[in-house]
2 protein chains.
Amino acid sequence: MNDSSLVKPHTRQRVLEAVKSLGYIPNKTAQVFKTGRSRILGLVISTQHISELVYNAGFQARFKALTVKTHNEGYNILIISSTDANCDSYFEVIKNQVADGFIILSPSANESLTSLLEEAGIPYVFNMKYSTNPEDIYYVSSDDIEGGYMAAKYLLDLNHTDIRFIVGVVKGSLMPFNVDRLNGFKRALNEYSIEFKEEMIVGIPGQMEESYNLIHQLFQSHWPTALMISNETTTVAALNYFHDHGIRVPQDVSLIGFGPSEFFRNLRPNLTNVSYDITWSSDKLVDLLLQRIEGKMVTPEWPKKPELIIRDSTMRNFRP
Amino acid sequence: MNDSSLVKPHTRQRVLEAVKSLGYIPNKTAQVFKTGRSRILGLVISTQHISELVYNAGFQARFKALTVKTHNEGYNILIISSTDANCDSYFEVIKNQVADGFIILSPSANESLTSLLEEAGIPYVFNMKYSTNPEDIYYVSSDDIEGGYMAAKYLLDLNHTDIRFIVGVVKGSLMPFNVDRLNGFKRALNEYSIEFKEEMIVGIPGQMEESYNLIHQLFQSHWPTALMISNETTTVAALNYFHDHGIRVPQDVSLIGFGPSEFFRNLRPNLTNVSYDITWSSDKLVDLLLQRIEGKMVTPEWPKKPELIIRDSTMRNFRP
DNA sequence: CTGTTAGCGCGTTCAT
DNA sequence: ATGAACGCGCTAACAG
């Protein structure tokens, strides 16, 4: 049944016939037990993350890319949702799953989780760098510093100086990739000798309603000439707010989004955006995990630079 | 370790200490093998379906609802993607997975798949009715006839008679739920003594680009006063087309969507839509499957009626 | 309450 | 080229 080359075609034929007539189905569980390989990869996500799925185009794109790649490699994905954002609880959940390895989409991974996984000998990868320890190499990051830089530089070139950078905030602190984007933003300001002010950064929770309200508050108190928005849901909320209040994009305010280009192309107006190659990074992530699991060779690569897609939501600033 | 009530607290304490000091982790695979229960539910999806994930709000909502419900019941979801649309291949994929049961999101299930699963004793449920055999009871449907009816009736009450019903077409044929919606549509026409014409039905593939182009063709040849659109992607494509060509909603054309209310609330204009309770039906679906797996009692219920959410994309027709 | 043991269904090895 | 036997790590049943 397992295509062994030691079996005569005739014998195989007879076996297969018996299988068919008896309706025999091999016990997959016993196979997994015996071989120690389930060909399942665990995808660890917080339940909160799943709840924000609608309109979170970045997650959708990553989910799709991971599923397709995993399928092509002969694996399946097990969705492992953890209610608790506490990272130690992640380990409890992870070790209780049947999987050959784990992809951890964690906004808040930490070093104790890493060491627990390492000690237990469980193969894992993270979708972003979360620690400063140079020995932590099991992640595929994107070049977020460059992303923040290129968006800001483009706006500065268009004569915008009154910019607001809207970033998602989880439990009062910035996600690591947002810290990077922010640093890129600051670097661009610095190059153009524009002083960075704290008020340029606007922290916003990722949900639609709250985003809408906070955009409202922002524009009540001060109307910037340009906006960079670090997550898709808030970008949609902002567009809706502008639509509802007759604020024209880009005439009254320029707007740059971050995320999958396809998503922004289907908005109106078409949005200028910083686009990351999520398919690429997802593929690399799975390759990295399979390397740990099956010793598959992987050529290490630098994070791919994001791309600035210029469309219809940005224009030159003429305000003083 | 398994919280047996037969063990003295003191002994348990000692065991737990040993576990900790040795770093012992139970072999989940062996547990699954021995007990025959993995607490995994397989979610069977075609790869094409996954590819259309972005903007497919109905799928996102169902995925989220299923994941949350499953998690609450102490199970995890295994994503099983099948490349082939051929249903016999589904069985091959399904029987090769470690799972206690399967949720099949198939647009094209058939009766041979059912009988294969039945014979093999594999617990399964479908997310929609796909056959006319009254013995096939393992599905949770929604009341799509009513959905089509209430949308059409609402438009007819608003004096619209020149209506187009845009429905997704897969491989040249309508999905079963679209057949139902269409029948509801016809029933409403009949009640108002409006003659049904074939041209009222416009078949469209679900993707964004094609939808956009077909909407364009439709409006080039004939401009109806109202549109009912059976899938979300096409709805977004239509809104984008109207935006790009200065067609006002609802002044120039009324529009009714089908799908999760939340999705349509975040569009501009806010869309009148027929809303199904996907959380409810997903919960019921998981309950039904768990009933088959663990003999859990389930009270059978009628499909829940959809709700017509009236918002800003529909108005009275004044054209003759 | 605690310690011992059979056996789940495979893949693998070894003898024929 | 084929058949027989072993054992993976755990749970459950049973003896003590």
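A note on names: the letters A, B, ... follow the listed sequences, proteins ahead of strands, and every chain is numbered from 1.
Residues A:Asn72 and A:Val286 form no side-chain contact, since every pair of their non-hydrogen atoms from C-beta on lies 4.5 Å or further apart.
Less than 4.0 Å separates DNA chain C from at least one heavy atom of each of the following residues of residues 23-30 of chain A: A:Tyr24, A:Pro26, A:Asn27, A:Ala30.
The nearest whole Å value for the distance from the CZ atom in B:Phe33 to the P atom in C:dC8 is 8 Å. Across the protein-nucleic acid pair, B:Gln13 atom CD and C:dT2 atom C1' stand 17 Å apart, rounded to whole Å.
Dashed line: the shortest gap from a side-chain N or O of A:Gln31 to OP1 or OP2 of C:dG11 is under 4.0 Å.
Between the side chain of A:Asn76 and the backbone N or O of B:Ile79 there is at least one donor-acceptor pair closer than 3.5 Å. Of the possible polar contacts, none joining the A:Arg39 side chain to the A:Val32 backbone as a donor-acceptor pair under 3.5 Å is found.
The aromatic rings of B:Tyr124 and B:Phe126 stand perpendicular to each other, their planes meeting at an angle above 60°, with 30° marking the opposite boundary.
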Taking it one step at a time, do B:Ile25 and A:Phe91 satisfy side-chain contact (heavy atoms from CB on, under 4.5 Å)?
CA-CA 11 Å; B:Ile25 296 178; A:Phe91 182 67; 4.0 Å; yes

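B:Asp100 has a carboxylate O that lies under 4.0 Å from a charged side-chain N of B:Arg37, or vice versa, which qualifies the two as a salt bridge.
Here the straight-line distance linking atom OG of A:Ser275 with atom CD of A:Glu262 works out to 10.0 Å at 0.5 Å rounding.
Of the candidates A:Leu78, A:Thr67, A:Ile77, A:Leu43 forms a side-chain contact (heavy atoms from CB on, under 4.5 Å) with just one, namely A:Ile77.
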Do any N or O atoms of the protein come closer than 3.5 Å to N or O atoms of nucleotides 3-7 of chain D, and which pairs are they?
{"from": "D:dG7", "atom 1": "N2", "to": "A:Lys34", "atom 2": "NZ", "distance (Å)": "2.9"}

